[in-house]
Amino acid sequence: MYLKKLFFIYSKIKESARVGFFLATRSLLRSNKATAGMVITIQIVTILNLVVVQGILVGIVEGGNKQFREQYSGDILITPLADRTRIQNTSQLINAIENLSPHAYSVRYLERASIIDNYRDLLPSGVSLNKVSNNGVIGIDPLREDALSGISKLIVEGRWLLPSDSGGIVIGADLLKRYNSFANAGQRLLEDSIVPGAKVKVELDSERAREFTVIGIVKSKVDQISARAYVLDRDLLNLSGRENINAGEIAIRLPQSIHAPTAARILNEEVPGAGIIQDWEAAIPQALKEVSATFTGLGQMVGAIGLLVATITMFIVTFVNVVTRRKFIGILKATGVSAYAIEFSYILQAVFYAVIGSSIGALIIGLWIKPYFDVHPFDFPFTDGILATDANGITLRATIICLTSALAGYWPARKIASENTLNAILGRS
Amino acid sequence: MKPIIEVTSLTKEYYSAGQTFTVLHNLTLKINEGEFLTIIGPSGSGKSTLLYQLGLLDHPTKGKIVLAGHDTEKMNSSERTDFRLWNLGFVFQDYALIPDLCALENVMVPLLMQGKSFSQAQEMSYIALARVGLKGKEKNLPSELSGGQQQRASIARSIAHSPKILYADEPTASLDSEMSEQVIRTFEDLHMHGQTIVMVTHEPEYARRAKRAIVLRDGKIIADGSAVDIIHPS
């Protein structure tokens, strides 16, 4: 008895699906081209809205994160423990890093220092030294640093350091007046006279200071690069006069085959307590993570509104279509076509338009918009915004559009198909 | 002959603006298998309303309708649709073809719904269209057919699945006399082959072509008998 009933239900569903498909394909083939074009355009705009608007909002932060990783942190960034100023057991840690066969790594020695530009001038009374204080001066191996961060490509004046540039310094653009039109009131910055070839004094304290020749100016939207000055590691160690060669930072670029969190765990296990060893994502400052979460939330909110608008539009389009065909729906029912077949026909039509629209939209994004923004990122003052999206993200959103379209197609069809057959035929309410 | 339609104490009321209008008054009627019956009467007499009740397109207010031995009173909407699919055929005044479907596809739809294969449905539809004289017009959309051709396509759709009862609501009302004649001849031919036909019309000359007629006035049957006997040609 149960089997018989189940078979009956199965055959009804099968026939309804078959007739629904038959009606839908004929309706699509003979649809008004202008209406079809309009519906498909709505679907294209919807997926562009969902992917691009959200992608830009998230991409503002993602672009910053990408630059943070590429230009500063590498795949792993090691910093001192909270109660230390330097990474412990640096040489032991370097051995462990080399065992990982990294693509590149850079050991950065870090000192707090002031940079003075007018120390050679005869200063009138009342005029003090222009001392740009409390900045990080980084001692690096220039070749290793460039291999890790590509810093030489960020030079806007002069050139990057060479191993033979003893006494040379590269200064971050954030320390120079001409690159800071929005500097805080009272903030001291180096004068415009500081160009490649100019002399500056780096002063660690009243007893440890040295003159350096400016080799180049480096500019990046990553604060950690633009707000620092770079000298050779041996120059900084000589200036500081310290025997302890523990580093202030170590950045590591791994080959693609090595998973950054796994490598971080290995280093932590091999040299426990050396420092904070984090993959790049964990190393992103908390404030940036919060901004990222906010922008992602905003993007999702804008996307949800876009999706809602598209759903309502699809609903209206289907509803108008169904209402104008109310009589024919009644006729179909009169001739014995089930309400399920009629509903299925409208769902199929809505999904068809959604699939076509989403596919065209996805192609536009994949073949044109994404490659364009990869080459021409948005130039925000604090980051280069990219279009944060991938094939999975586009597929997910296209699937959401198809599902909501199916719902928008189903509901009006259900409403009309379930009403009194005679009322539908005669156009009575 | 056994009865294929049995109507007992059928009443249909409509409610509008707080008032009740009784369109059909306590009708009792039997129609035998293979009969060609016409329902005639002046406008507002309840002809079409009776046809809609008999065709399960509407629910009577009171009374009982038994079609081909099935009591229709307890059927839900889905069962009524299914019953129409397997047992009833409809011809409407304005042809009621689906505009997106060509003549052949219009005829195929109920057959596909019955579970016939695509090729089987196509073959049966070709035969049905040929039977009503539409050979060669199968691929034409309704908009590409004349009124008479559309009505004959509608008849083909209503008979392709061999229904037990064929209902026709004013099938000639939108047609000129030549086309009307073609449609009535088609009905006569179907009747010759044993088809039960119930036709509503207000045109006496076509009503007389049926074998039996019932005359409705104010929702009541005022005459029932041989069409030729009770309908005056004028």
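Every chain is numbered from 1 and lettered A, B, ... according to where its sequence line falls, protein lines coming before strand lines.
- Residue A:Tyr340 places its OH atom among 12 or fewer non-hydrogen atoms of other residues, nucleotides or ligands, all under 6.0 Å distant.
- Residue A:Leu28 does not touch chain B at all, counting heavy-atom pairs closer than 4.5 Å.
- In summary, B:Glu73 and B:Lys64 do not engage in a salt bridge, as defined by a charged side-chain N under 4.0 Å from a carboxylate O.
- No part of A:Leu29 comes within reach of chain B, as not one of its non-hydrogen atoms sits under 4.5 angstrom from that chain.
- The residue among A:Ser418, A:Ser11, A:Gly336, A:Ser338 with the most heavy atom pairs within less than 4.5 Å of chain B is A:Gly336.
- Listed for the B:Thr28 side chain is no donor-acceptor partner under 3.5 Å among the backbone atoms of B:Thr8.
- At a 4.5 Å heavy-atom cutoff, A:Ser31 makes no contact with chain B through either its backbone or its side chain.
- Residue contact with chain A, scored on non-hydrogen atoms closer than 4.5 Å, involves the side chain of B:Arg157 exclusively.
- For B:Tyr126, the OH atom counts as densely surrounded, since its 6.0 Å shell holds more than 12 non-hydrogen atoms of other residues, nucleotides or ligands.
- No part of A:Lys14 comes within reach of chain B, as not one of its non-hydrogen atoms sits under 4.5 angstrom from that chain.
- A:Ser345 and A:Gln349 form a side-chain donor-acceptor contact under 3.5 Å, judged by distance and modelled atom types alone.
- Interface remark: B:Phe118 contributes backbone and side-chain atoms alike to the contact with chain A (heavy atom separation under 4.5 Å).
- Contact count versus chain A (heavy atoms, under 4.5 Å) is highest, among B:Ser158, B:Ala96, B:Pro163, B:Pro110, for B:Ala96.
- Atom CD of B:Glu123 has 12 or fewer neighbouring heavy atoms from other residues, nucleotides or ligands inside a 6.0 Å radius.
- Proximity to chain B is absent for every atom of A:Ala339, based on heavy atoms less than 4.5 angstrom apart.
- Contacts of B:Leu141 with chain A are made by side-chain atoms alone, with heavy-atom separations under 4.5 Å and no backbone atom involved.
- Per-residue heavy-atom pair counts under 4.5 Å with chain A were compared for B:Asn106, B:Leu56, B:Asp94, and the maximum is reached by B:Asp94.
- For A:Arg26, the parts lying under 4.5 angstrom from a heavy atom of chain B are both the backbone and the side chain.
- Aromatic ring orientation, B:Phe92 versus B:Phe90: parallel (interplanar angle below 30°, classes split at 30° and 60°).
- No donor-acceptor contact under 3.5 angstrom links the side chains of B:Ser77 and B:Arg80, judged on distance only.
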